[in-house]
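For reference, the structure discussed in these notes is given below.
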Amino acid sequence: MTKTKLTRRSVMQTGAVAGAGLALPTILTAGSHAGFANAPTGSTVTLGFNVPQSGPYADEGNDELKAYKLAVEHLNGEGDGGMLQTFSSKALDGTGILGKKVEYVTGDTQTNADAARASARSMIEKDGAIMITGGSSSGVAVAVQSLCQDAGIIFMAGLTHSNDTTGKDKKANGFRHFFNSYMTGAALAPILADRYGADRKAYHLTADYNWGYTTEEAVRNSTEALGWETVAAVKTPLSQTDFSSYVAPVLNSGADVLILNHYGGNMVNSLTSAVEFGLRAAQANGKNFEIVVPLYSRLMAKGAGKNVAGIFGTTGWHWSLENTAGSRYTGTNAFVKSFGEKYGYPPSQAAHTCYCQALLYADAVQRGGSFNPCSVVEALEGFEFDGMGNGPTLYRAEDHQCIKDVLVVRGKENPANDFDLLELVDITPAEAVTFDPAIFGGNLGSCNPGA
Amino acid sequence: MGTLYAILGGFMDQIILQILNGLDKGSAYALIALGLTLIFGTLGVVNFAHGALFMLGAFCAITFNRILTISHVVVDETQKDFLGNPLKVDIPYIYDWFGESTGQALINWSVPLAILFAIPVMIIIGVVMERGLIKHFYKRPHADQILVTFGLAIVLQEIVKYYFGANQIPNPAPEAFTGSFDFGAAVGLKAGSIIYPYWRIVYFSFAMLLIGSVFAFLQFTTFGMVVRAGMADRETVELLGINIDKRFTIMFGVAAAVAGLAGVMYTPINSPNYHMGMDFLVISFVVVVVGGMGSLPGAVAAGLLLGILESFASMRQVIEALPGINQVVIYLAAIVILLTRPRGLMGRKGVMEE
């Protein structure tokens, strides 16, 4: 036995020594900085943009990414500054964040919670991203938010509308600028009762997942409170493409309003079927039959083409807002101008909420004077701002939800082009959609700086 | 008695409605399954890219519409765009060539016209696919064929997504076919009780016509006779000095065209996106297996049957009685049918049983 002795014990010992050696630099750096994860040490800081670049919401993701790139330009003092010109907080000065130039990495959520967590993890661990933002699904938002909480990274949610994101699944490190299902219900119901009367019978078709449930519940509760009756609520599989068998029985069910708690492809397909089956032209209970889509997205309205005409819904923001509703919504035109000139078309609500989130994060770091997540949380909690296109807005401390006006819109009868699909019907002021943060349960916990 | 009749009458409407619903969905399943069975019966290949062919057909319709609306830009100083600059208006060249009204009519009828465009395109795609890739896998196990065709389907999807984006693209039916038909009044029930969209009637009729033509082609032409002989006993036909490979390649092209046309006509029903093929693929395989591997009438019958079953299962009363049934009914039916008739509805002995 003169060969090299390679025993289990020697392998373990060598492994342990090598491991300790490799870990040493990390331990040293961790000790040397301010005590939070991914603290930027050089002259740059890296943000992680986690958006759907493939899968069914790739077009939203593409819009989100364009908005983030624009935000990075503006933070670094390039371009025309966009909403930095109108933002009420003047902490940011176009020299990056705390003097560090902003760089970014991107990940692909694929609108799949596992893929989104993996890409967020990779951006945090490999690229040293100090903040993760983006996404176009509540399932993804909740999953990534909890990962960021555990990793000690700030999560600025993108397009997510379920109550859960800042409700039962809220986390101290997570923030949402977009509105939620509850606010949709509260904003929409009074308008519906006003336009269609208080004596209506509603039939709900609901996407069979988390967001569908909270939206159905919100719209049901708010419309029933105003005197509507719910005839039936049918869950439809998320993978459904032809909704004809769900839509066809509606006309003879005694209902006179169809509420489609659907988003994305589901919404396009169910709405197309409903219009195809003549519901828009039909009469029921002596009234005109009506269709309602609680959450509108312009990008998706495009897929439904002419079928959106005359149909009510809510939206977080619209590019024509400042022109139609006045200077309360200042910031809108500044953003539309920089986005439109760079990319050739007006931004979507997904682009808007993501752009705002990037700026709000940067501003909170600047005001708090540190990239430490706990400092960011402190700066954002209870932060009141204006000039970002939604009017005066509050980042509520209790649930990290932005409280702002909600837009009730209607599909245009004769759209002039692909972008001009929605018209503003009414704006429900923030006070009318404010809710008690306790009703959804959940617990923020405390901020986690990681490291 | 009167009330019972009323209840039954009310229920009858719904049943007829769901049968109609099932027929158009079922005819899409049947068309795809027919193509699958044709390919399986002739070439012995399990083609997982068949759903992608359906999707490509739909995008032929979109492409045709885009070709018709290729435009040049005219700056209209009287209108403003969203940034306040003079509006750039797109005028399709077709208006310049044929006049505005003819041009509009052509664009309006783009879906039916796209059939003429899709047939040659889909046959070429089918033949290229068979000669270029699938023929190399004839002697390989079915598992290899499934993997390569499934991979091909994903590649085709990604190519389409690259050029057309991920969101759905609307492609409406001609205006003459928008709106719906009062089927209830026509058959003597209460007016408005059974409303059925015109375009779905067109789709169902078109599907029946297409299925009829494929059967007639196989049954009444010499070419079809040789193909059928080849399906039954390939070696003997080859021994007779007939180049059966060439005919099978053509049949692959025909199967691709059938799936493609199913896709073209489907675009007004559901705005297509890159993923629509996959949505249909799994169900189409269930249809083929339920109908009986290699049986063309079986594929059609099973397609319609499962379409109708799926419609029934999505009735509110049914979901309330059996929650979740709408998600599994097709697979449940497949299990029951395969347990009682292991070769499927019209399966023959000896197919895929070597």
Side-chain angles (χ1 to χ4, degrees), chain A residues 52 54-62 203 208 232-237 239-253 264-265 268-269 272-273 275-279 281-284 299-300 302-307 319-320 323 333 336-337 340-341 345-346 416-417 419-420, chain B residues 10 13-14 17-18 20-22 24-25 28 79 81-84 87 90 158 161 165-173 178-182 184 190 192-200 266 268-271 273-276 279-280 310-317 319-320 323-324 326-327:
Chain A
S54 61
Y57 297 154
D59 289 1
E60 280 71 32
N62 185 28
Y203 192 109
D208 200 353
V234 179
K235 306 256 185 301
T236 60
S239 59
Q240 191 74 29
T241 51
D242 185 351
F243 285 87
S244 59
S245 50
Y246 294 95
V247 165
V250 173
L251 203 52
N252 290 310
S253 64
V268 171
N269 291 335
T272 305
S273 284
V275 173
E276 202 190 3
F277 272 83
L279 293 189
Q283 295 272 325
L299 288 171
M300 283 155 185
K302 207 167 119 184
K306 283 181 182 158
N307 297 330
W319 60 269
S320 66
N323 293 340
N333 283 353
V336 172
K337 183 166 174 290
E341 281 176 357
Y345 63 96
N417 54 53
F419 317 114
D420 186 34
Chain B
D13 298 353
Q14 296 214 18
L17 191 56
Q18 293 301 4
L20 288 175
N21 265 324
D24 67 66
K25 205 179 316 195
Q79 296 186 68
D81 73 356
F82 71 100
L83 289 172
L87 186 67
D90 293 331
E158 292 303 312
K161 195 172 79 177
N167 274 348
Q168 294 174 298
I169 303 167
N171 199 26
T178 53
S180 41
F181 172 67
D182 194 339
K190 190 163 62 82
S193 60
I194 305 173
I195 297 282
Y196 200 67
Y198 287 121
W199 187 257
R200 286 179 188 254
Y266 202 72
I269 293 180
N270 270 344
S271 307
N273 68 354
Y274 73 101
H275 200 262
M276 69 187 294
D279 299 335
F280 275 87
E310 198 188 359
S311 287
F312 277 129
S314 48
M315 282 167 74
R316 180 161 54 95
Q317 295 84 346
I319 299 175
E320 276 166 9
N326 50 343
Q327 317 232 17

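Both backbone and side-chain heavy atoms feed into the values below; hydrogens, waters and symmetry mates do not.
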Check your understanding: Does any non-hydrogen side-chain atom of B:R200 lie less than 4.5 Å from one of A:S273?
Key -> yes

Point to revise | Within-4.5 Å side-chain heavy-atom neighbours: A:D242 and B:E310 | key: no

**Study point:** Per-residue contact mode, B:N270 against chain A (heavy atom under 4.5 angstrom)
**Key:** both

Check your understanding: If you count heavy-atom pairs under 4.5 Å with chain A, which of B:F312, B:Y274, B:W199 comes out on top?
Key -> B:Y274

Practice item. Please confirm whether the backbone N or O of A:S245 pairs with a side-chain atom of B:Q18, one donor and one acceptor, at under 3.5 Å? Key: yes

Point to revise | Residue pair B:N21 / A:F277, side-chain heavy-atom distance below 4.5 Å | key: yes

Practice item. For residues A:A304 and B:P170, report the shortest heavy-atom separation together with the two atoms involved. Key: C-CB, 4.5 Å

Review point. Do B:K161 and A:S54 have side chains that get closer than 4.5 Å, going by heavy atoms?
Key: yes

Exercise for review: Under 4.5 Å, counting heavy-atom pairs only, tell me which of B:I194, B:N171, B:N167 racks up the most with chain A.
Suggested key: B:N167

**Study point:** Largest heavy-atom contact set with chain A, pairs under 4.5 Å, which of B:S180, B:G165, B:P197
**Key:** B:P197

Check your understanding: Heavy atoms, side chains only, cut-off 4.5 Å: are A:K306 and B:P172 in contact?
Key -> no

Check your understanding: So what's closer than 4.5 Å to chain B heavy atoms on A:V234: side chain, backbone, both or neither?
Key -> side chain

Review point. Closest heavy-atom contact between A:T272 and B:S271?
Key: OG1-OG, 4.5 Å

Revision key, fill the gap. Distance col, row B:I269:CD1 vs A:N269:CG, nearest 0.5 angstrom, shows 11.0 Å

**Study point:** Contact class of B:L17 relative to chain A, heavy atoms under 4.5 angstrom
**Key:** side chain

Practice item. Could you grab the distance from atom CD of B:Q327 to atom CD of A:Q240, nearest 0.5 Å is fine? Key: 8.5 Å

Point to revise | Contact origin within B:T178 toward chain A - heavy atom pairs under 4.5 Å | key: neither

Review point. With sequence neighbours excluded, what pairs up with A:N333 under the side-chain hydrogen bond (donor to acceptor under 3.5 Å, both in side chains) test?
Key: A:N323

Point to revise | A:K235 atom NZ, over 12 foreign heavy atoms within 6.0 Å | key: yes

Review point. Contact part of A:A281 toward chain B, heavy-atom cut-off under 4.5 Å: side chain, backbone, both or neither?
Key: neither

Check your understanding: For the atom pair NZ (B:K25) and OG (A:S244), what is the distance rounded to the nearest 0.5 Å?
Key -> 4.5 Å

Exercise for review: Sequence neighbours left out, what passes side-chain hydrogen bond (donor to acceptor under 3.5 Å, both in side chains) with B:N326? Give chain and number order.
Suggested key: A:Y246

Point to revise | Winner by heavy-atom pair count (cut-off under 4.5 Å) against chain B, out of A:V275, A:T241, A:L251, A:V336 | key: A:T241

